[in-house]
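Notes follow once the structure below has been shown.
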Amino acid sequence: MNEHLFPLIDRLTAEHRLSLDEYEYLIAHRTPEAAARLAEHAVRARQAIYGKTVYIRGLIEVSNICKNDCLYCGIRRSNPNCQRYRLPPADILACCREGYALGFRTFVLQGGEDGYYTDALLCDLLRRIKAEWPDCAVTLSLGERSRESYAALRDAGADRYLLRHETADAAHYGSLHPSAMSYDNRMRCLRDLKELGYQVGCGFMVGPPGQTAAHLARDLHFVETFQPAMCGIGPFIPQADTPFGHEPAGTLELTCYLLSIIRLIRPNILLPATTALGTIHPEGRELGILAGANVVMPNLSPAAVRKKYLLYDNKASDGAESAQCKEALIQRMSSIGYTIVTDRGDIKL
Ligand code: SAM
């Protein structure tokens, strides 16, 4: 047992911050005992705000067409084996209709950076969603756009925006992305979204090539200072047709450890137990909740396209990952003492 870890964890719990060196130490010297202690504190912090409820979001993967070429991503532009699709507005509305009937009150529209989704198309779609289901929140996750575009989408009714920062280290960012993409623009987007009044989500993968404890410390420091409403983290999982296709995957253990730390940095944060976590372990979702997560995002995309949004190999899309199998998810969550609620699931401030 390392005698320095527990005092660090206690201080993080009380003060919601550590220095960069301390974050790095907490990660590099982690032990199973430290993980258990962190999870215990994280669950207590989460329960004080959200009780034993878990928020759900209906995830609609609108398009796997993408102009970017991120080295880790299965829907990257230069993957010739990706079977491309995009959903027109009518299909997205049909997903929302089905999701509403199933009890979803947040719809997440996520996709590659596909020029088909112009501001005009999206604003019209947002207005139609908000007119038909005024009690629902809409989260967009459509990548980097101009400030003007984010402003127009916000005016048309978008409530939240998920844009993982991917890594808070500019050099590491450069090793995960082609030179046409820039760390500075990613950060500009996140700042713009926040200033425009979105509930903003940042996030990162756990275990992509080249990631060190020092990089993760910077990610945690970024969460501490940026103060996002949401943070999406999940293990990196290789996709065979990408340059990182033979790299090892990130681990369940480190992902859960980081979920607990993020909960303690920002006790009210909306923290999903991601599909990637559910993919690397059959009980990944549950273990994520038990580490401090409080959101799950089952898939509401049409069955015909679900297997095509392959960011990584063996991506889970059946059973509790599927919005249509909400009963299975309710069952799984109740087996660990948690309740799924029909609620927009906004951050509690
Ligand atoms: N294009 C939008 C964007 O850039 O934010 C949204 C879609 S993008 C595919 C969503 C997230 O998937 C990325 O932010 C990335 O962290 C994650 N992702 C992509 N490839 C992955 C992989 N091989 N393993 C785990 N997560 C991955």
Side-chain angles (χ1 to χ4, degrees), residues 57 59-79 82 84-87 108-117 122 139-145 149-150 153 160-168 172-173 176-178 180-183 185-190 192-193 198 200-211 215-216 219 228 230-252 254-255 258 272-281 284 297 299 301 308-316:
R57 282 76 166 92
L59 176 63
I60 307 169
E61 294 161 337
V62 298
S63 171
N64 68 358
I65 296 171
C66 192
K67 72 174 166 62
N68 290 332
D69 222 11
C70 306
L71 276 73
Y72 45 82
C73 187
I75 65 168
R76 69 199 300 265
R77 182 184 69 217
S78 60
N79 177 2
C82 177
R84 306 287 170 175
Y85 75 89
R86 67 164 63 104
L87 301 180
V108 181
L109 276 49
Q110 185 178 86
E113 291 193 19
D114 177 353
Y116 168 81
Y117 298 94
L122 287 172
T139 305
L140 298 178
S141 181
L142 299 170
E144 298 176 15
R145 304 176 76 96
S149 171
Y150 290 145
L153 300 175
R160 311 188 186 121
Y161 206 103
L162 291 175
L163 184 75
R164 291 184 175 188
H165 63 283
E166 309 297 357
T167 166
H172 189 224
Y173 189 94
L176 299 177
H177 299 97
M181 293 177 74
S182 90
Y183 175 77
N185 196 48
R186 199 80 178 171
M187 289 294 162
R188 189 274 303 161
C189 289
L190 285 165
D192 282 348
L193 289 163
Y198 283 91
V200 183
C202 65
F204 55 92
M205 291 180 289
V206 178
Q211 186 182 63
H215 292 140
L216 288 169
D219 290 321
M230 313 171 274
C231 183
I233 72 162
F236 159 74
I237 304 175
Q239 202 290 323
D241 302 308
T242 65
F244 294 162
H246 297 290
E247 298 287 343
T251 66
L252 171 83
L254 182 53
T255 307
L258 293 163
T274 54
T275 305
L277 199 56
T279 298
I280 56 163
H281 190 283
M297 297 170 47
N299 199 313
S301 310
K308 297 183 183 167
Y309 197 80
L310 262 198
L311 307 182
Y312 42 81
D313 291 332
N314 306 313
K315 178 167 165 266

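All ligand and atom numbering here is 1-based and tracks the order in the structure. Computed from a predicted model, the values in this text were never measured in an experiment.
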Problem - Option among Asp69, Asn68, Asp241 that satisfies the side chain to side chain donor-acceptor pair (under 3.5 Å) test with Ser78 - result: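 Considering Asp69, Asn68, Asp241, a side chain to side chain donor-acceptor pair (under 3.5 Å) with Ser78 is found only for Asp69.
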Completion exercise
Nearest heavy-atom contact between Arg76 and Thr242 is CD-CG2, 3.8 Å
Handout entry: Over all atoms of both residues, closest heavy-atom pair of Ser63 and Tyr117
Key = CB-CE1, 3.6 Å
Less than 3.5 Å between some nitrogen or oxygen of [X] and one of ligand 1, yes or no?
| X | value |
| --- | --- |
| Gly111 | yes |
| Tyr309 | no |
| Gly112 | no |
| Ser141 | no |

Practice task
For the pair Leu140 and Leu153, evaluate side chain to side chain contact (heavy atoms under 4.5 Å, CB included) and give the outcome as yes or no after the intermediate values.
Solution key: CA-CA 9 Å; Leu140 298 178; Leu153 300 175; 3.8 Å; yes
Exercise for the section: Compute the minimum heavy-atom distance from Gly203 to ligand 1 and say whether it is under 4.0 Å. Expected result: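 Checking ligand 1 against Gly203, which is what was asked, there is no heavy-atom contact under 4.0 Å.
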Problem - Whether Arg76 lies under 4.0 Å from ligand 1, heavy atom - result: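 So Arg76 does not count as touching ligand 1.
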Practice task
Carefully, step by step, assess Leu176 and Phe244 under the rule side chain to side chain contact (heavy atoms under 4.5 Å, CB included).
Solution key: CA-CA 9 Å; Leu176 299 177; Phe244 294 162; 3.7 Å; yes
Problem - Minimum non-hydrogen distance to atom 3 (C) of ligand 1, winning option of Gly143, Ala276, Ser63, Gly201 - result: Gly143
Practice task
Nearest heavy atom to atom 10 (C) of ligand 1 wins, so pick from Arg164, Glu247, Gln110, Met205.
Solution key: Gln110
Nearest-contact summary for [atom] - protein heavy atom, Å:
| atom | value |
| --- | --- |
| atom 22 (C) of ligand 1 | Ile237 O, 3.5 Å |
| atom 4 (O) of ligand 1 | Arg186 NH2, 3.3 Å |
| atom 25 (C) of ligand 1 | Pro235 O, 3.3 Å |
| atom 9 (C) of ligand 1 | Leu311 CD2, 3.4 Å |
| atom 20 (N) of ligand 1 | Tyr72 CD1, 3.4 Å |

Handout entry: Leu163: numbered ligand 1 atoms lying under 4.0 Å from its heavy atoms
Key =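 Listed by number with element, the hits are 5 (O).
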Exercise for the section: Please could you name the atoms of ligand 1 that Glu166 approaches to less than 4.0 Å, counting only its heavy atoms? Expected result: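 Matching atoms, with element in brackets: 13 (C), 14 (O), 15 (C), 16 (O).
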Practice task
For His177 and Tyr72, run side-chain hydrogen bond (donor to acceptor under 3.5 Å, both in side chains): C-alpha distance rounded to whole Å, both residues' side-chain angles, the deciding distance at 0.1 Å, then the answer.
Solution key: CA-CA 8 Å; His177 299 97; Tyr72 45 82; 2.8 Å; yes
Problem - Heavy-atom side-chain contact between Thr167 and Gln211 under 4.5 Å - result: no
Practice task
Would you indicate whether Asn185, at its atom CG, is surrounded by more than 12 heavy atoms from other residues, nucleotides or ligands within a distance under 6.0 Å?
Solution key: yes
Exercise for the section: Specify whether His172 and His215 have parallel, tilted or perpendicular ring planes, treating 30° as the upper limit for parallel and 60° as the lower limit for perpendicular. Expected result: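 Parallel.
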Exercise for the section: Hey, could you give me the CD/NZ distance between Glu113 and Lys67, rounded to the nearest 0.5 Å? Expected result: 4.5 Å
